Number of protein chains: 4
Amino acid sequence: MRKKEGDKANEILNAAASVFARDGFDKAQVSAIATSAGVGTGSIYLYFGGKGEILQSLFSRFWDRLAVEMTKLETPDPLLRLNDQLGVFFEQLASDRDFARTYLRDHHRFLEFADPPSKRGYVVCVEFGRRAFLEVVAHQDRTGHAPSPASTDLSQAILFGGVRASLEFLLNNDTPAEIVKTRMLSMAMAGILAATRDPQP
Amino acid sequence: MRKKEGDKANEILNAAASVFARDGFDKAQVSAIATSAGVGTGSIYLYFGGKGEILQSLFSRFWDRLAVEMTKLETPDPLLRLNDQLGVFFEQLASDRDFARTYLRDHHRFLEFADPPSKRGYVVCVEFGRRAFLEVVAHQDRTGHAPSPASTDLSQAILFGGVRASLEFLLNNDTPAEIVKTRMLSMAMAGILAATRDPQP
Amino acid sequence: MRKKEGDKANEILNAAASVFARDGFDKAQVSAIATSAGVGTGSIYLYFGGKGEILQSLFSRFWDRLAVEMTKLETPDPLLRLNDQLGVFFEQLASDRDFARTYLRDHHRFLEFADPPSKRGYVVCVEFGRRAFLEVVAHQDRTGHAPSPASTDLSQAILFGGVRASLEFLLNNDTPAEIVKTRMLSMAMAGILAATRDPQP
Amino acid sequence: MRKKEGDKANEILNAAASVFARDGFDKAQVSAIATSAGVGTGSIYLYFGGKGEILQSLFSRFWDRLAVEMTKLETPDPLLRLNDQLGVFFEQLASDRDFARTYLRDHHRFLEFADPPSKRGYVVCVEFGRRAFLEVVAHQDRTGHAPSPASTDLSQAILFGGVRASLEFLLNNDTPAEIVKTRMLSMAMAGILAATRDPQP
DNA sequence: CATGAATGAGGTTTCATTCAT
DNA sequence: TATGAATGAAACCTCATTCAT
């Protein structure tokens with residue numbers, strides 16, 4: 001974001017989400033975003049440094065909001081908390097299909113090119129997940145030895161992949177979100193238990 | 001367009017995989033692919049109808065080859081077969097990191113835009129998976145009633161998402177492929193059991 | 001447009017001189033001039049019709065002021081008067097380096113596009129010079145025949161070119177203005193004598 | 001210049017000279033240059049890196065050619081040689097009015113932004129002039145002491161200014177080139193003698 | 001079959017100017 | 001009077017595709 005905070009910037013981001021969803025980031029035209037947001041093309045540049053910065057801000061906003069939701073989850077049981085976290089993640093995306101589509105296609109750009117400050121929310125969310133995951137491990141594993149970070153990250157990544165895939169399914173089928181979510185969580189929980197039960201390599 | 005059979009086309013596809021991996025499909029330049037393949041820019045168009053068709057052929061070739069591998073898997077136990085299928089899928093991608101990166105970034109284009117004939121191999125692979133999955137269900141579920149197709153597809157999609165994510169992890173970390181694969185399969189198997197054990201909605 | 005008299009307009013012109021000096025007329029931004037002048041962007045248009053009119057006014061102001069100085073020069077000897085005129089011209093520019101830089105880069109626009117009324121001062125200055133020049137000729141040339149106007153204009157133009165070049169040198173070197181001026185006048189006087197001594201073509 | 005030497009590049013430069021002459025560098029459109037050169041817009045970029053590089057090449061070509069001409073001038077008498085040098089300089093510009101106009105308006109950009117290699121010809125020409133000037137001084141000044149470099153540069157700059165101004169006059173009037181040149185040289189020679197006769201400051 | 005020079009449509013970005021406050 | 005947020009036209013440059021050789 002450049003100069004003005006506030007509503008207009010958010011409207012541009014919403015418009016961008018829908019245009020990105022339809023055309024993908026690379027093919028998306030700034031002028032289309034402007035039209036969709038009901039502003040002049042040039043106005044985009046009053047709020048964002050360029051097309052890339054729009055994408056960055058869009059994801060940054062998403063993760064920041066998600067981080068807030070994550071913070072509210074205080075389920076003591078780590079497994080249930082992980083369940084809730086994945087559920088919130090899924091729901092946030094499921095509730096905004098335009099953004100969800102953009103997430104599926106272009107989130108890797110955010111990870112690759114966004115500058116660190118804009119990744120704050122993302123890092124926070126990942127950290128929440130990791131902590132819950134480690135607690136599950138500690139709970140399971142009476143011997144007390146911690147799993148290697150790589151091992152945790154890997155398992156966590158696979159869970160994310162499951163959420164991602166369930167979301168993709170949701171977007172391309174008529175199955176109700178609730179059913180998709182349930183199935184996803186069911187498989188995820190089983191996966192977590194398998195991952196934390198296994199001897200760490 | 002008219003695909004001249006032979007080596008040159010395959011070399012172009014290999015070159016394309018590396019260029020797509022580095023730049024992504026949208027930013028990739030046809031001339032860069034040509035240079036990387038050691039042919040003139042114009043020659044590309046003797047073998048492919050355009051940039052889009054290169055992508056299509058690249059994925060088509062991948063799925064065709066994978067379909068061949070899938071056919072070889074005749075493990076009688078459906079769960080083990082599913083395990084082997086996911087393993088083969090993972091290994092094929094893990095063994096060609098350039099293509100893997102392209103798969104992660106641009107496979108959705110293949111699904112969205114490729115013409116049906118070029119999807120043959122893909123459809124075959126999916127079908128192999130679905131059949132194994134259904135057998136697992138049938139095996140578990142003594143009542144004999146089939147799960148809804150949607151339910152099967154969803155579970156399958158989530159499994160794919162897990163493979164996908166584990167692959168992404170592999171590309172971005174130093175963890176050995178074997179370890180990633182083992183963990184992925186471990187979680188996948190658990191997920192499958194959970195998915196097939198649950199009452200179908 | 002309607003030039004509100006007063007200080008603000010002059011401040012804007014001063015600001016413009018510095019911005020033009022730094023960026024050149026074409027690259028100069030109106031908003032930069034406004035900022036430099038300490039007024040809002042829109043206010044510029046209360047005093048001037050547009051960017052072009054700013055340039056026009058800037059040069060117009062310069063020539064008007066110079067015309068006033070020229071009027072004060074009443075040296076009877078025409079050669080000495082010419083010497084003084086060139087000196088005053090040089091000094092006025094040397095004393096405002098921002099404007100001088102703009103003069104060197106963009107004065108041609110003034111000559112090409114300014115409307116006649118704003119060229120009043122310029123015309124007056126040129127006329128002063130021409131008159132002195134003709135007197136020198138008349139003084140030299142006992143036969144009394146006047147040189148052709150073209151011939152006079154040409155010689156005068158060349159003198160202006162010398163002043164211009166000496167000014168450019170001044171801006172790009174550390175040589176003191178006094179030395180530059182002396183050398184310039186020395187060469188100019190020699191040039192004038194040569195020009196007026198020669199048989200007119 | 002980028003890839004191909006040869007005719008096309010030169011034609012583009014000629015077209016650029018005419019467009020720059022008409023519109024000035026900043027307002028000149030690359031597409032207009034392309035049209036004027038009879039090539040596609042994109043072709044420009046096969047030969048030049050951009051609009052700026054066209055300007056650079058245009059001036060570079062001019063100075064390189066002039067340097068060749070300068071080399072041919074072997075008049076032993078330094079004053080006459082200087083006379084010839086200024087004459088050649090004038091004639092080269094007078095013979096290509098489009099370029100001359102561009103020279104008058106935009107040569108400062110070349111000096112400010114061109115990279116050193118492209119200034120080679122320019123430096124050579126200036127050096128030729130300086131050497132002749134110093135010889136004149138040495139010839140005049142029997143005491144043998146050299147004038148300060150700054151002093152030489154200044155005088156030389158003023159001479160260039162005279163040529164420049166005479167050229168401008170030529171472009172804006174109907175006076176024959178020969179007459180303008182003669183008058184210019186007459187004044188220049190007188191100026192040189194004045195400059196070299198004066199005690200060096 | 002093979003080439004690569006040539007093309008030109010199209011997108012991002014800038015900035016002079018306006019006008020509601 | 002004064003402001004500065006908003007506008008949208010315009011231009012540089014890229015690159016997929018073609019075609020003469």
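Numbers restart at 1 for each chain; the letters A, B, ... are given by sequence-line order, proteins then strands. This structure is a prediction, so every number in the text was calculated from the model and none was measured.
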Give every pair of a protein N or O atom and an N or O atom of nucleotides 13-15 of chain E that lie under 3.5 Å apart, one pair per line with the distance.
unit_1	atom_1	unit_2	atom_2	d
E:dT13	OP2	A:Y45	OH	2.8
E:dT13	OP2	A:K51	N	3.3
E:dC15	OP2	C:Q29	OE1	3.0

Query - CD on C:E11 to CG on C:L13, rounded to 0.5 Å - result: 10.0 Å
Requested in this report: Only stems of 3 or more consecutive Watson-Crick or G-U pairs count here, both distances under 3.5 Å; name the ones for DNA chain E, or none.
Outcome: E:2-21 with F:2-21
Query raised in the report: Does B:K8 place a side-chain N or O at less than 4.0 Å from the phosphate oxygens OP1/OP2 of E:dA2?
Result: yes
Report task. On the 0 to 90° scale, with breaks at 30° and 60°, tag the C:H107-C:Y122 ring pair as parallel, tilted or perpendicular. Result -> tilted
Report summary line: Residues at least two apart in sequence or cross-chain that pass salt bridge (charged side-chain N to carboxylate O under 4.0 Å, His left out) with C:D23, listed by chain then number, are none
**Report entry** Nearest-0.5 Å distance, CZ of residue B:R105 to CZ of residue A:R105
**Finding:** 14.0 Å
**Report entry** Rounded distance [0.5 Å steps], CZ in A:F110 versus CZ in A:F62
**Finding:** 10.0 Å
Query - For B:D26, all residues meeting side chain to side chain donor-acceptor pair (under 3.5 Å), sequence neighbours excluded - result: B:R109
Query raised in the report: C:L46 CG to E:dC19 C1': how many Å, rounded?
Result: 12 Å
Please table the atom pairs, donor to acceptor, closer than 3.5 Å between any side-chain atom in residues 28-38 of chain D and protein atoms at least two apart or in another chain.
unit_1	atom_1	unit_2	atom_2	d
D:Q29	NE2	D:S31	OG	3.4
D:T35	OG1	D:S31	O	2.9

Query raised in the report: Can you check whether A:V39's main-chain N or O pairs, donor with acceptor, with A:K8's side chain at less than 3.5 Å?
Result: no
Query raised in the report: Contacts to DNA chain E from residues 12-26 of chain C, heavy-atom cutoff under 4.0 Å, which residues?
Result: none
Query - Length of the line joining B:I44:CD1 and F:dC19:P, which is rounded to integer Å - result: 18 Å
Report task. Tell me which of A:V39 and C:G38 sits closer to the 5' end of DNA chain F, going by the nucleotide each one is nearest to. Result -> C:G38
**Report entry** D:I33 CD1 - F:dC13 C1' separation (whole Å)
**Finding:** 13 Å
Query raised in the report: Does OP1 or OP2 of F:dA2 have a side-chain N or O of C:Y47 closer than 4.0 Å?
Result: yes
**Report entry** Check: B:F20 and B:F99 side chains under 4.5 Å, non-hydrogen atoms
**Finding:** no
